[in-house]
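Note that this is a predicted model, so its numbers are computed, not measured. Atom set for the values below is all heavy atoms of this structure, side chains included, hydrogens, waters and symmetry mates excluded. Proteins come first, then strands; the chains are lettered A, B, ... in the order of their sequence lines, and each starts at number 1.
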2 protein chains.
Amino acid sequence: MNYGLIGNIVVSGNRVMARPREFDPKTALDRIQRAFWEKGYHGTSMQDLERITELKKQSLYREFGNKDAMYARALKLYHERDITHLAQVICKAPDAKQRFVDLFEAVLEPVRNGDRSGCFLCNSAIEHAHDDPQIQLNAQEGIKSTQDLFNTALAVSEPYKGNAALRKQKANLLAAGYFGLRVMVRGGTPLDELEETVSVLVSTI
Amino acid sequence: MNYGLIGNIVVSGNRVMARPREFDPKTALDRIQRAFWEKGYHGTSMQDLERITELKKQSLYREFGNKDAMYARALKLYHERDITHLAQVICKAPDAKQRFVDLFEAVLEPVRNGDRSGCFLCNSAIEHAHDDPQIQLNAQEGIKSTQDLFNTALAVSEPYKGNAALRKQKANLLAAGYFGLRVMVRGGTPLDELEETVSVLVSTI
DNA sequence: TTCATTATGGACACATCGGTCCGTAATACA
DNA sequence: TGTATTACGGACCGATGTGTCCATAATGAA
């Protein structure tokens, strides 16, 4: 049994393990991520994290190290879970157009539930563009991989299947529209306007 | 002679005026705006503002009130100057397509000069979406007015001139792409990728 | 029991934050 | 000259921020 990383010290399982952890690190990280996603790095204090995780700060520091590490973990989780989720959504339907209908529906679905957090990747890129080169690099790669994802999603149907140049152009167009849409979500654009924008985006396919 | 607003107190000019202001409030506000634009509200401290304006904090407080007021003034200046600038750019050319070529060129021009601040409106919307309803409202209106601006810009040429529904759709598409593009700028996307995205956006007109 | 670990409460260090106040010098007009 | 205003230096305030330390209790396995 491996308890994983605690701070920077690896705790192996073949030792005398005493009082077990009472909280679930995954749900803790999940809540931390939600906080950073909604309110940003500066907008989220350690007090906030204590409150929403229902953990004391000592436990948080023991588990994750420091605030920066928590933010990095949150961003990583976003990539591993939420981006991957979109990647799965977009590859289900058998034709390109329907794929993007599904994708944009997955984007609007949280909005219908009152969640206007937008895109964590975009948010972090904008908040830390001018002070954290690591996050900037992460954002850059995220943008790139979104374009690539859209590209492969288009490749299932003609004329994109047989025309790589056209495919890349369309992928870029859809990616720009996608990022813009997510900014509009966070910016408070009414749902019907968002839906209209989605339908126009899809109609370009 | 009217020295305008100092804090909330109007200083009328028919009194014995003594030592005149030695700095230019406009250039001070200009630098304040640039700082907020680049680094955001939380990322910009009063110390930063003192440094970049070359003013002491007492002068800043006397002139603008407090940090929130400075940020509000910066946002207002963005609307009055930078948005208006785009509005002028986009209305020069005689046909719709060229108008958006000009617009996107105006967006990329700062990037060519190494300025990747992006869109102050988007940045503020994302940073304050969940804590300041006033800024959220401002962002919402900014998004709306951008769509409207694009709409009127399209109205100069057929088929948009005679087809309001099509015009609105295209305006929404271009607006989403525009916002996405500006996020990509701040996210560090390479210039050639940005140019490619622009050319695809323009080609939809 | 002993030992290693987790959890908690509380104090506290240290920096930074926005913001205020005071004393003093400089400036311009009456 | 006196008066009103601006500018500056510097001290200072209270709040908040991240992060550490310590003592103590709880827990489970050897």
Exercise for the section: Verify the distance criterion only: is there a donor paired with an acceptor across the side chains of Gln33(B) and Arg73(B) at less than 3.5 Å? Expected result: no

Practice task
Using only heavy-atom distances, determine whether the side chains of Asp30(B) and Thr27(B) contain a donor-acceptor pair under 3.5 Å.
Solution key: no

Problem - DNA chain C contacts made by residues 49-56 of chain A, counting heavy atoms under 4.0 Å - result: Lys56(A)

Practice task
Please work out which residues in residues 26-41 of chain A have a non-hydrogen atom less than 4.0 Å from an atom of DNA chain C and list them by number.
Solution key: none

Just how far, in rounded Å, is [atom2] of [N] from [atom1] of [X]?
X	N	atom1	atom2	value
Tyr61(A)	dA7(C)	OH	P	17 Å
His42(B)	dT16(C)	NE2	C1'	13 Å
Asp48(A)	dT18(D)	CG	C1'	13 Å
Lys57(A)	dC21(D)	NZ	P	13 Å
Lys67(B)	dC17(C)	NZ	C1'	8 Å
Phe64(A)	dG19(D)	CZ	P	14 Å
Glu63(A)	dT5(C)	CD	P	15 Å
Leu60(A)	dT8(C)	CG	P	10 Å

Among the nucleotides [options], which one has an atom lying closest to any side-chain atom of [X]?
X	options	result
Gln47(A)	dG17(D), dT20(D), dT20(C)	dG17(D)
Ser45(B)	dG19(C), dG17(D), dG18(C)	dG18(C)
Asn66(B)	dT6(C), dG19(C), dA7(D)	dG19(C)

Practice task
Only pairs at least two apart or in different chains count here, so list each salt bridge (Lys or Arg N to Asp or Glu O under 4.0 Å) that has a residue in residues 87-114 of chain B.
Solution key: Glu105(B)-Arg112(B), Arg112(B)-Glu195(B)

Exercise for the section: Verify side chain to side chain contact (heavy atoms under 4.5 Å, CB included) between Phe104(B) and Leu194(B), making sure each step is shown before the conclusion. Expected result: CA-CA 10 Å; Phe104(B) 287 123; Leu194(B) 297 173; over 6 Å; no

Problem - Ionic contact status for Arg34(B) with Glu38(B), cut-off 4.0 Å - result: no

Problem - Any Gln58(A) side-chain N or O less than 4.0 Å from OP1/OP2 of dT6(C) - result: no

Practice task
Taking the side chain as every heavy atom from C-beta outward, state whether Leu29(A) and Phe64(A) have any atom pair closer than 4.5 Å.
Solution key: yes

Practice task
Report the relative orientation of the aromatic rings in Tyr71(A) and Tyr41(A); use parallel for angles under 30°, tilted for 30 to 60°, perpendicular for over 60°.
Solution key: perpendicular

Handout entry: Thr189(B) (side chain) donor-acceptor with Val185(B) (main chain) under 3.5 angstrom
Key = no

Practice task
Give the intermediate values and the outcome of ring-ring contact (aromatic ring centres under 6.0 Å, His included) for residues Tyr178(A) and Phe100(A).
Solution key: CA-CA 10 Å; Tyr178(A) 166 82; Phe100(A) 283 90; 9.3 Å; no

